[in-house]
Structure formats: C-alpha cells, structure tokens
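Within every chain, numbering begins at 1; the chains are lettered A, B, ... in the order of the sequence lines, protein sequences first and strands thereafter.
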2 protein chains.
Amino acid sequence: MMKNAPRREDGLSRERIIEETIVLLDSHGEKGLTFRALAERLATGAGAIYWHVANKDDLLASACDEIVARALSAPLEDAPPEEVIRALALALFDAIDARPWVGSALTRAPLELPMVRILERLGQQVRSIGVPAQGQFAAAAALLSYIVGVSVQNAANAQIGRMLGGDRTAILGEVAQAWSRLDAEAYPFTRSMAAQLPVHDDRADFLTGINLILRGLAQS
Amino acid sequence: MMKNAPRREDGLSRERIIEETIVLLDSHGEKGLTFRALAERLATGAGAIYWHVANKDDLLASACDEIVARALSAPLEDAPPEEVIRALALALFDAIDARPWVGSALTRAPLELPMVRILERLGQQVRSIGVPAQGQFAAAAALLSYIVGVSVQNAANAQIGRMLGGDRTAILGEVAQAWSRLDAEAYPFTRSMAAQLPVHDDRADFLTGINLILRGLAQS
DNA sequence: ACCTGAACACCGTTCAAGT
DNA sequence: ACCTGAACACCGTTCAAGT
C-alpha cells in the first residue's frame with residue numbers, strides 16, 4: 001500500500017493499551033484492572049480493547065512481560081558470571097517487589113515468554129561459569145525456580161503490608177505480637193522468633209540463597 | 001443451656017462448607033469456586049454460607065490451611081532432622097502439586113496460619129540440627145521461602161499442562177518445539193536446552209535445592 | 001480496519017424476611 | 001440462632017452497528 005502514516009495520534013494500539021494497563025495495575029492493584037476502567041482511561045469503549053488484545057489474561061501477561069524485559073535489560077555489563085547472576089536476581093527481586101502483580105502474572109503463565117527471557121539470561125551465565133553441559137539445564141532451572149519463587153513469595157508479603165496501609169515495620173510488629181501470643185505447646189519456635197521478625201531483611205536472605213546455590217554450582 | 005444436641009444432621013457448619021469447598025476446588029479449579037455452586041452442592045442458599053464464613057478469601061484460606069495441616073501431619077517420625085526436613089519439603093511439594101489452588105492461596109495470605117505451621121515445623125528441625133540461635137530464624141525462613149516458592153511455581157507449571165488437556169509429556173514436547181523455534185541470536189541457550197525439557201524431573205531438582213541449602217547450613 | 005456501546009451471562013455480597 | 005433468596009453493584013466478553 002502507498003499510504004504509510006494513516007494512524008491517528010489518538011488511535012489505540014497494543015503498546016498504548018499495555019502501557020495504560022501497567023499504570024492501572026500500579027495505581028489500583030490487580031483487582032483495579034478492569035476493562036471498563038481501562039477503557040475510560042483510554043477514552044474509548046470497553047469492547048475496542050478486544051481488537052488489540054485477546055482477553056484479560058493476555059493483557060496481564062503482556063504487561064508482565066514488559067516489566068520483566070525492562071528489569072533484564074538493565075544489568076548487561078561484562079562482569080564475572082556469578083556477579084551478573086546476582087545482579088539479574090536482584091533486579092528481578094526488586095521489580096517483583098515493586099509490583100506484586102508481576103508475581104502473580106508470572107505464576108499464572110509459567111513457561112511463557114517472560115520465563116524464557118529469564119531462563120536464557122541465566123543459562124548464558126551458567127555456561128560462562130563452566131558448568132558441564134549435562135548439568136546446565138538443571139542449574140539454570142534451579143536458579144530460575146529459586147529467583148521467581150522466592151521473589152513472588154516476598155512480594156506477596158510486602159503487598160499485604162501495603163494493603164493494610166501501615167508501614168512495613170508497623171505491620172511486622174503486629175504480626176510479631178500475634179506470633180508471641182501463639183500457643184506455647186504447639187508453636188515454641190515461632191513464638192521465640194517473634195522478636196526477630198521485624199528486623200529481618202528479606203532481600204539479604206534472598207541473596208544468601210543465591211550465593212548458596214552458586215557455591216553449590218562451583219563444587220560440582 | 002441444657003440441650004446439647006440441637007444441631008440437625010443436615011445443618012450447615014464451617015467444617016462441612018470447607019470440606020465441600022475443597023471438593024469444588026479439586027474438581028473445577030480455582031474459578032470453579034463460586035458461592036452459587038457451593039450453595040447448590042450444600043443444598044442451601046448462597047447467602048447462608050456467609051453465616052459461617054466471612055467472605056471468599058476466608059473460604060479459600062481455610063481450605064488451604066486444611067490441606068497444609070494434613071500435609072504436615074503425615075511425616076512425624078523421629079529421624080535425623082535433615083531427613084525430617086526433606087520429608088516435610090516433599091510432602092508440601094506433592095500437596096501443592098496435586099492442588100495448585102493451594103499455591104495461590106498460600107501466596108495470597110502470606111504470614112497467616114498455614115505459613116506459620118510450616119515455619120514452626122521447619123524451625124524445630126533447624127534447632128535440632130544445631131544451628132546457632134542467631135541464625136535459626138534466617139535458616140528457617142530461607143527453607144520456608146524456597147519450599148513454598150518453588151512448589152508454587154512447579155504447581156503452576158503442572159496446572160497449565162492439565163488445563164491444556166494433554167498429558168505432561170505431550171505438553172512439554174510442544175513447549176520444547178516452541179523453544180527450538182526461538183530466534184537463534186537472542187535465545188541460544190534456551191534453544192539448545194529444548195531437548196532436555198521433556199525429560200526433566202522437577203521434583204528431583206526441588207530436592208537438590210533442599211540438599212544444597214542443608215549443606216550450606218551444615219557448614220555455618 | 002477499527003471503534004462504539006448496549007446486551008448477555010455471569011460474579012461476590014447484602015439484607016429484609018422468614019423459622 | 002440460623003437460613004432463604006431476591007436484589008445490588010459489579011464483572012469479562014460478544015457483537016451488531018457504525019465510520
């Protein structure tokens with residue numbers, strides 16, 4: 001065709017829809033993402049969105065992939081592979097922590113593009129480390145499971161704090177109180193750990209786990 | 001009061017509701033759990049359920065807790081603590097694998113009773129191992145994160161297979177084909193791993209990770 | 001080709017009214 | 001104390017009709 005600029009500036013597009021989806025998810029959470037709310041933001045009808053997007057799952061998955069792609073694009077520097085893996089892991093941990101909805105989207109669509117993006121990056125570094133060929137897949141898969149699994153779990157924790165309104169310390173303080181009120185017979189360990197909960201650093205523990213896996217990898 | 005058996009046999013009760021919730025979740029998945037469907041199964045009105053249960057979140061959380069409690073009640077034997085931890089981890093892995101909805105319920109209500117149940121069990125074993133006092137919480141928390149995180153992630157994988165109808169091998173075969181069709185420039189690692197995907201054992205990898213953490217714990 | 005917006009078939013939750 | 005079931009305020013998705 002000859003005309004190549006027929007698109008109106010205010011026309012809908014997949015990109016614009018997904019961009020606005022991210023804004024909506026960030027501002028109003030997972031249950032705030034509604035075709036009606038999205039349509040209003042885009043100044044269009046609810047049905048129009050379906051021309052560019054298959055359904056709500058597609059919407060969520062695409063928004064998730066966008067965030068994952070951004071998180072992975074940052075740490076590209078050439079450094080020792082272990083260092084790159086740590087950087088990738090933390091970038092994902094922080095991205096999911098900042099947007100808990102990314103976590104549930106990741107869990108909902110397991111072997112899709114976002115996961116493959118991460119696996120690829122991890123795999124390339126696993127190769128650089130020098131892990132023998134027959135162990136590369138298991139190593140990359142273990143890292144992938146750990147990173148995504150723990151990050152999602154952590155983000156869920158953080159989200160509940162945000163939902164209850166208070167700051168992190170206050171929430172954890174309340175949980176700690178609840179723990180110290182548990183039955184002494186059934187929950188001796190948890191009771192005695194109540195005091196440590198509020199001063200606990202999840203991000204540091206996450207990194208400790210990564211280092212543990214990397215150490216195990218080096219031994220094999 | 002004097003009369004202590006006024007309850008009709010067909011009366012509703014929290015237990016009966018949760019029991020039927022589990023049946024419904026198992027048979028029709030997470031989106032099959034509906035107050036209307038549940039009411040029909042219980043031969044009552046939708047609103048009656050609200051007399052025994054706060055809301056849908058409460059329903060899901062209670063069903064989840066029931067399953068977690070069952071999974072933890074099995075492996076009680078006195079064995080070396082590392083062995084008990086492995087047994088607990090696998091029991092949870094299998095329970096969540098069999099019921100993916102437990103995974104998302106666990107993620108939705110992070111620091112609630114089900115998680116505390118698991119933490120307590122792990123913590124007691126961590127103590128038995130002889131981990132020094134100031135490291136016990138971090139150790140138990142690391143195990144908890146890993147077990148729940150990876151199990152949830154694995155269950156999500158398994159679920160997608162079930163949803164697509166085919167058996168596990170067939171699904172993974174298709175994913176493997178999709179992987180081998182990825183762009184050679186951008187996804188060299190994933191492409192070369194395509195063949196290994198269908199013969200990969202997630203449960204074994206899960207256990208490998210547990211052993212890795214236990215080994216790290218023994219060193220400290 | 002792309003958009004509109006009414007309509008359909010659902011939801012969770014509430015609440016007056018019953019027993 | 002416990003249950004009923006209609007009613008309310010929403011959903012995702014479809015689809016004739018428009019441009």
Does dC3(D) have OP1 or OP2 under 4.0 Å away from a side-chain N or O of His52(B)? yes

Within the distance-only criterion (no hydrogens, no angle test), does the side chain of Ser151(A) pair as donor or acceptor with the backbone N or O of Val148(A) below 3.5 angstrom? no

Note: for Ala43(B) and Thr34(A) on DNA chain D, the residue whose nearest nucleotide lies more 5' is Ala43(B)

Please check if any side-chain donor atom of Asn157(A) sits under 3.5 Å from a side-chain acceptor atom of Asp202(A), or the reverse. no

Among dC3(C), dG12(D), dC3(D), the one nearest any side-chain atom of Leu12(B) is dC3(D)

Nearest listed nucleotide, side chain of Arg36(B), among dT13(D), dC3(D), dA7(D): dA7(D)

Can you see which heavy atom on Tyr146(B) is nearest to which on Gly209(B), and at what distance? OH-CA, 3.2 Å

Within this structure, what is the CZ-to-P distance between Phe35(A) and dT14(D), rounded to whole angstrom? 9 Å

I need the CZ-C1' distance between Arg14(A) and dC3(C), as an integer number of Å. 18 Å

Partner nucleotide of dA1(D) by Watson-Crick or wobble geometry (both distances under 3.5 Å): dT19(C)

For a quick test of reading the model: is some side-chain N or O of Trp51(B) closer than 4.0 Å to OP1 or OP2 of dC3(D)? no

Rounded distance (Å) that lies between atom P of dT13(C) and atom CG of Asn55(B): 5 Å

Are Arg127(B) and Ser192(A) close enough that a side-chain donor and a side-chain acceptor fall under 3.5 Å? yes

Using a 3.5 Å distance criterion without hydrogens, assess whether the side chain of Ser13(B) forms a donor-acceptor pair with backbone atoms of Arg16(B). yes

Considering every strand and a 4.0 Å limit on heavy-atom distances, what is the contact class for Leu33(B): base, sugar-phosphate, or nothing? sugar-phosphate

What's the CG-P distance between Leu60(B) and dT13(C), to the nearest Å? 12 Å

For atom CD1 of Ile17(A) and atom P of dC3(C), their distance in whole Å: 8 Å

Leu38(B) atom CG is separated from dT13(C) atom C1', nearest whole Å, by 14 Å

The side chain of Tyr50(A) is closest to which nucleotide in this list: dT13(D), dT13(C), dC3(C)? dT13(D)

What is the distance, rounded to the nearest whole Å, between atom CD of Glu30(A) and atom P of dC11(D)? 15 Å

For Lys31(B) and dG12(D), give me the distance from atom NZ to atom P, rounded to whole Å. 13 Å

Strand partner of dG12(D), provided both Watson-Crick or wobble distances fall under 3.5 Å: dC8(C)

